[in-house]
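Right, one structure below, let's go through it.
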Amino acid sequence: MTVQTGIQPISATRRAKDRLVQALVYLAFALAVIPLVSVLWLVVKNGAGRFDMEFFTHSMRNIGARDAGGGAYHAIIGTLEQVLLASLIAVPIGLLTAVYLVEYGEGGRLSRIISFFVDVMTGVPSVVSGLFVLAFWILVLGMSFSGFAGALALSILMMPVVVRATEEMLRLVPRELREASYALGVPKWRTIVKVVLPTALPGIVTGVMLAVARVAGETAPLLLTVFVTDSINNDPFNGPQMGLPLYVFNQTILPTDVAVDRAWTGALTLILIVMLLNLVARLITWWRSPARRR
Amino acid sequence: MATPTRTTESGPALRRSAFRRSRGDGPFRFASTGAGVVLLAIMAAIGLFLVVKAVPALQANTSHFLTELTWQPNATKPVFGIGALAFGTVLSSLLALLIATPVAVGVALFISHYAPRRLASALGYVVDLLAAVPSVVYGLWGVTFLVPFMLGPSTFLNDYFGWIPLFSGESIVGKSMLTASLVLAIMILPIIAAISREVFLQAPKMQEEAALALGATRWEMIRTAVLPFGRPGVISAAMLGLGRAMGETIAVALIFPATFKISFQILGPYGNSIAANIANGFGEATEVGRGALIASGLVLFLITLLVNMAARFIIARRKEYARAAA
């Protein structure tokens, strides 16, 4: 059916080009999803084998590379402690820095410099933060390898993520809320603590959880600071610990099948923890972020 | 805790309230400024302490650090240099970038302009999940699945495209530069895609609609209205991805064959990177050996710093990208 409008129909070559690009764009998305599906499928398939009680209740003490059994209890404890300590260091510093950038910085020179270096810090390779803690904490100050040293390295990786997430949320808090508070005679710092931060809280929690999810899977900094142990060490301040990512790495480089099986189960556990953190974080944003409520 | 200030009509009460404000405000302002300064101090300390621990090892080195290829810092006469490692780091990251950028731009366009509106954000989340997978898991996946798998395609490339120097060589292996670059590409893809997506979404709607109204096809609209607007954003996204690829450690440490040879034969048993060498060499490093690894880490830090600063500079120049930069 032809419509008499005088408008030229789209030529065949132009239409073909349009279709071609559309096909390429769809293909690109498919290409991106293939590795994700492959990784998740293999992790679940190979990890399910050793996903048993022993894995979560035993360490690797007195278990050689060839022995079956053994578990990651010591690594899970280590990861939980290290990530918790890292959060305790990084969250207050990150939060306060974001408050400075949004509430006190006022676009001055210092705030622009800090803002720039927060961005640059996001790009610091994880292995470099590990080397820094190794050089500073262990070699210069003479401290031992410990879970806390690992937490220091992880906190450096967390800080910029927390700052950026918090900053973004604080900027979403409506100006009117602050002004209403000032008008009631509330000092600026109490306005921040009682009005601004609570309003932005869900978003901040999301940001912190994403930051935790990011560092929970980091291996390289732990390798250089926490060292490696096969035994349970509940004290993060004394002696080498283990971490779940480190456990996966350590079992992967062993040449036996039972060790690689343990690595897969470790990977499955790690992915479950990280994905869970991610999912919960996104759900919080989705439900309660100030951006959505406005 | 300060009690709410009761303001009266008289002047003195108002002044007292102002006084109280400054007294409570001081420490809080100080603490938040201090936190920002601590962040700057950490960045400075990273550079400083890496230099402090690298210098003794560099002095013990009996060869030239920047040009030497071998890495034997643990020997009685330490010989080590960054040459081969820096080459491997740059080559693998550039290859990864070459593979990842076109796919990432495609993914970004898919989510911003092609996918059904209702599905778009969910599909974007799927791509973001790629970034959530820890690097050690990619390493495990790479070494047990991708390395044996790549033997087929690599042999094919060598058989039919062996005349291209990159694909030439006698021995073809799975643990090659190409496999490592592929894993790196998968890991940086979500970063490039996420930033490109944000930039494409911010392309002026008016111009897009104008292009469509003038009879442009969807591709012509994207080419004339979206891509020119997004180009600087995509470039800086790619550079951020490059920085990430250079610093990536564990995944490539498991895949690289850890040789100290400069070779462009990306299918052969060659390849190493600064970060991978740190992870692999730390266990048996002596004191000089640790210093040498720290020195190599310093080089990595400086390279990534430059790449990231350049990328941030491009983003910061354009105010429209403010959201994408976060």
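Since we're looking at a predicted model, the values are computed, not measured. Here is how names work: the chains are called A, B, and so on, in the same order as the sequence lines, proteins then strands, and each is numbered from 1.
Note: L139(A) leads V228(A), V99(A), L139(A) in heavy-atom pairs under 4.5 Å with chain B. In terms of heavy-atom pairs under 4.5 Å with chain B, the best-connected choice from F249(A), F117(A), F116(A), Y100(A) is Y100(A). When each of V52(B), L129(B), L146(B) is checked for heavy-atom pairs under 4.5 Å with chain A, L129(B) comes out on top. Top candidate by heavy-atom pairs under 4.5 Å with chain B, chosen from P35(A), G217(A), S38(A), A98(A), is S38(A). Options V120(A), V39(A), I192(A), L210(A) differ in how many heavy-atom pairs under 4.5 Å they form with chain B, and the most are formed by V39(A). Counting heavy-atom pairs closer than 4.5 Å to chain B, the top-ranked of the candidates Q22(A), K17(A), M275(A) is Q22(A). Contact count versus chain A (heavy atoms, under 4.5 Å) is highest, among V133(B), V127(B), L254(B), V183(B), for L254(B). Among the candidates G106(B), G142(B), G247(B), A35(B), the residue making the largest number of heavy-atom pairs closer than 4.5 Å to chain A is A35(B). Here D18(A) is the residue among D18(A), V128(A), I156(A), V127(A) with the most heavy-atom pairs under 4.5 Å with chain B. Taking chain A as the reference chain and counting heavy-atom pairs below 4.5 Å, the highest number among L305(B), L109(B), T144(B) is found for T144(B). Chain A forms the most heavy-atom pairs under 4.5 Å with one residue out of I278(B), L189(B), V37(B), and that residue is I278(B). Interface summary for chain A: among V103(B), L293(B), L50(B), I250(B), the most heavy-atom pairs under 4.5 angstrom belong to I250(B).
For R218(B), the parts lying under 4.5 angstrom from a heavy atom of chain A are both the backbone and the side chain. For a residue to count as touching a neighbouring chain, one of its non-hydrogen atoms must lie under 4.5 Å from one of that chain's; by this rule V193(A) touches chain B with the side chain only. Looking at S111(A), neither its backbone nor its side chain comes within 4.5 Å of chain B, counting heavy atoms on both sides. Looking at L101(A), there are no atoms closer than 4.5 Å to chain B (heavy atoms on both sides), in backbone or side chain. Contacts of L42(A) with chain B are made by side-chain atoms alone, with heavy-atom separations under 4.5 Å and no backbone atom involved. Both the backbone and the side chain of I114(A) come within less than 4.5 Å of a heavy atom of chain B. Proximity to chain A involves both the backbone and the side chain of T33(B), based on heavy atoms less than 4.5 angstrom apart. Interface remark: A213(A) contributes no atoms to any contact with chain B (heavy atom separation under 4.5 Å). Contacts of F282(B) with chain A are made by side-chain atoms alone, with heavy-atom separations under 4.5 Å and no backbone atom involved. Within the 4.5 angstrom heavy-atom criterion, atoms from both the backbone and the side chain of V126(B) approach chain A. Contacts between M43(B) and chain A at a heavy-atom distance below 4.5 Å involve the side chain alone, from C-beta outward. Interface residue I186(B): only side-chain heavy atoms are found under 4.5 Å from chain A. Residue V161(A): no heavy atom, backbone or side chain, is found under 4.5 Å from chain B. R282(A) touches chain B through its side chain: at least one heavy atom from C-beta onward sits under 4.5 Å away, while N, CA, C and O do not. Residue E167(A) does not touch chain B at all, counting heavy-atom pairs closer than 4.5 Å. Interface remark: I93(A) contributes backbone and side-chain atoms alike to the contact with chain B (heavy atom separation under 4.5 Å). The contact between M159(A) and chain B is made entirely by side chain atoms (from C-beta outward), counting heavy-atom distances below 4.5 Å. The part of A216(B) that comes within reach of chain A is its backbone (N, CA, C, O), which places non-hydrogen atoms under 4.5 angstrom from that chain.
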Would F28(B) and Y104(A) satisfy side chain to side chain contact (heavy atoms under 4.5 Å, CB included), going step by step from the backbone distance to the final call? CA-CA 10 Å; F28(B) 196 70; Y104(A) 290 109; 3.4 Å; yes

Go through R197(B) and D128(B) one step at a time and tell me if the salt bridge (Lys or Arg N to Asp or Glu O under 4.0 Å) criterion holds. CA-CA 11 Å; R197(B) 179 182 72 205; D128(B) 288 345; 3.7 Å; yes

Run the numbers on L227(B) and F200(B) for side chain to side chain contact (heavy atoms under 4.5 Å, CB included), then give the verdict. CA-CA 8 Å; L227(B) 291 184; F200(B) 290 156; 4.0 Å; yes

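At least one side-chain heavy atom of I253(A) sits under 4.5 Å from a side-chain heavy atom of N250(A). Side-chain contact between T249(B) and E218(A) is absent, with no heavy-atom pair separated by less than 4.5 Å. With a 4.5 Å cut-off on side-chain heavy atoms, F227(A) and L246(A) do not count as touching. You'll find the side chain of L254(A) stays beyond 4.5 Å of the side chain of V260(A), heavy atoms only. Side chains of L244(A) and V136(B) form no contact here, defined as non-hydrogen atoms less than 4.5 Å apart.
Residues E103(A) and K188(A) are not paired through a salt bridge, judged by the lack of any N-O separation under 4.0 Å between the basic side chain and the carboxylate.
Aromatic rings of F136(A) and F132(A) (six-membered ring for Trp) have centroids within the 6.0 Å cut-off, being under it. Ring pair F145(B)/F149(B): centre-to-centre distance below 6.0 Å.
Annotation for S296(B) and I274(B): closest pair O-CG2, 3.3 Å, computed over non-hydrogen atoms.
One N or O on the side chain of E220(B) and one on the backbone of T217(B) form a donor-acceptor pair closer than 3.5 Å. With T122(A) contributing its side chain and D119(A) its backbone, the two residues share a donor-acceptor pair below 3.5 Å. No donor-acceptor pair under 3.5 Å is formed between the side chain of S273(B) and the backbone N or O of T89(B).
Other residues, nucleotides and ligands place more than 12 heavy atoms under 6.0 Å from the OH atom of Y125(B).
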